[in-house]
Amino acid sequence: MKFDDLITELGEFGPYQKRLYFIVCLVGIPAALQTLAGVFIQATPDHRCALPTLPNDTYSSQGSWHDDLVNLSIPWDSDDDMYDECHRKRHAGNLDNDTVSCDKWVYSKDPFKNTFVTDLDLVCDDKHMVTYASMILMGGMLGGSLLMGILSDIFGRKKVLVLSTLGQFAAGFGTAWADSYALYVTLRFFVTFFGIGMFLSAFVIGMELVGPSKRRIAGIVIEMFWCIGLFIETGIAYGLRDWSHFQMTISMFNIVAAVVFAVFIPESARWLLQKGKTEEATKIIKKAAEVNGVILSEKARKLEDIEMEGENEKLWHMLTHPVLLVRSLIVFFNWLVASMVYYGLSLNAEALSGDIYLNFFLLALVELASYVVCLAFLDMAGRKFLQCSSMVLGGVACVATLFPVIYGGKGEEWITLILSLLGKFGASAGFAVIYVYSAELFPTVMRNSGMGLCSLCARIGGILAPYIADLEDVIDNDWGTALPLLIFGGLSLAAGFLVLFLPETSNKILPDTVEDAKNFGRSKKKARNNYALDSNELSAGEGKDNPTFRMEKKF
């Protein structure tokens, strides 16, 4: 008897699993708060050189005499219709263009009282340091993905979940007190290092006690709690304009989450069985059966006889056949691009026209909408169509921003905003679909290793995202604004069209072995087994059904 058969008998998504899954989903709130906090704490408000002759200079006007002094000392940037942010006149009042670089700045107090950027003057020649900070943040995700999953397998899901939640609290709270760039980026690295460990551990706990037919829903619903975290973040950032106060506040969510996880979440029964801790696993299964009102069969109660899967996974199996290699590369590319576009647009909310708080809220809203659409149409439209259309929609929207940015006027920035929101919708939907799609494409013997590589590709995309999003700091004209979106759009289009070369997995008999995967998606005449059949064509004794990721509608 396999573990998934036990879960099916226990109740695939009974009251016990629902309660547990809701608690697990709460991990999305602090994870979102910390990961995208940089949108606000690393924001760069309007600024100019501080007047050397005025010790108490401010960005806002102190009167007509102050305006006259600023006009005499600071060059006017006609392209941006504002004062030059990085230079002042060598001699105040001179009509020539002789300027010098700023050595001190004053900043607008609207919409932020202060940010980490204003505290350390990370502007002008040092503005690239902000990009590096975002890349290091994404690097923490990469490091955490590689290490925390291993620790979770060794020490247990719950232990890693609780310790990672506390670790993210320590790093996040410490960030609020960082007074140097090196300390700041180090702490931000560990914010996402522990954050990804926290999220992945919680995700695995939730999925390992949910029945096969409900995992599609479970895998997407947890992302909706991420969106809830983004909505909360918008409100906190709007109310607290001081970056350190904001950072301390959002870190408090980790303390609450750590207590809840420690008290109410049990260890994964599947992990306990894999480690031979049958007695502890039995208590959890009995508790679940009691809450669900289920009387388990004698066979199900004998946990010693449960057959555990995934012990013979070999990473190099993915390279043993051209078909598997091509499919794997397409999947990896979609993960990389979806992550790149998602984080690129999310972290670039400040660059969009209009109010940063409204823009961030709208980006979170379209992300939530994308998950709702995925839940509604994933089975109806199929994985292949939905993944392709999501990435193409996001790509077309991003590429189309070329026209309002280059040819549009001041009153048409709203078009760029709408197109960016459509791009975020497509990237978010693509990110959600590709997770389910990938898990179904990889055969059982290499599913975990394959998904691990997918996560690695996503992290690489996340690291590249800040650099591409901040190209406008390198290119000063309108192309600097358009180029990031053109890159995101072009890559999204490429990823979407490549999906057309993948087989559909919806309502198909999914592969267990590498040999099964080679024949998966072939026509019935060419296939050497039954992996081209629809699931309702399977009769007793024909083919093998992989229950782990069976996706028939049962709800």
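Please read all numbers here as calculations on a predicted model, not as lab measurements.
The side-chain hydrogen bond (donor to acceptor under 3.5 Å, both in side chains) check on Gln17 picks up Asn292, with sequence neighbours excluded. With sequence neighbours left out, Phe190 forms a side-chain contact (heavy atoms from CB on, under 4.5 Å) with Ala171, Thr186, Phe193, Phe194. Contacts of Cys25 classified as disulfide (SG to SG under 2.5 Å), with partners at least two apart in sequence or in another chain: none. Ser244 pairs by the side-chain hydrogen bond (donor to acceptor under 3.5 Å, both in side chains) definition with Asp242, not counting sequence neighbours. Annotation: disulfide (SG to SG under 2.5 Å) contacts of Cys388 (sequence neighbours excluded): none. Remark: Phe385 pairs with Ala381, Ser389 by the side-chain contact (heavy atoms from CB on, under 4.5 Å) rule, at least two apart or across chains. Not counting sequence neighbours, the partners of Asp121 by the side-chain hydrogen bond (donor to acceptor under 3.5 Å, both in side chains) test are Tyr107. Residues meeting the side-chain hydrogen bond (donor to acceptor under 3.5 Å, both in side chains) test with Tyr83, sequence neighbours left out: Asn71.
Closest non-hydrogen pair, Leu358 versus Asp355, comes out as N-OD2, 3.0 Å. Counting all heavy atoms, side chain and backbone alike, Met198 lies closest to Asn254 at SD-ND2, 4.0 Å.
Aromatic pair Phe360/Phe40: ring centres closer than 6.0 Å. Ring centroid separation for the pair Phe431 and Tyr371 does not come in under the 6.0 Å cut-off.
Summarising the local packing, OH of Tyr238 is surrounded by 12 or fewer heavy atoms from other residues, nucleotides or ligands at distances under 6.0 Å. Counted within 6.0 Å of CG on Asp126, heavy atoms from surrounding residues, nucleotides or ligands total more than 12; the atom is thus considered enclosed.
Counting only residues at least two apart or in different chains, side-chain hydrogen bond (donor to acceptor under 3.5 Å, both in side chains) contacts with residues 331-345 comprise Trp226-Tyr342, Asn334-Gln387, Trp335-Ser438, Tyr342-Glu367. Applying the side-chain hydrogen bond (donor to acceptor under 3.5 Å, both in side chains) test to every pair with at least one member in residues 490-501, sequence neighbours left out, gives no pairs at all.
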Report all side-chain donor-acceptor pairs from residues 451-464 shorter than 3.5 Å, counting only partners two or more places apart or in another chain.
from, atom 1, to, atom 2, distance (Å)
Ser455, OG, Arg459, NH1, 3.2

Listing, residues 135-147 side-chain donor-acceptor contacts under 3.5 Å, not counting sequence neighbours, or none:
from, atom 1, to, atom 2, distance (Å)
Ser145, OG, Met141, O, 2.8

Evaluate the criterion side chain to side chain contact (heavy atoms under 4.5 Å, CB included) for residue pair Ser60 and Lys109; output intermediate values, then yes/no. CA-CA 8 Å; Ser60 59; Lys109 298 300 182 181; over 6 Å; no

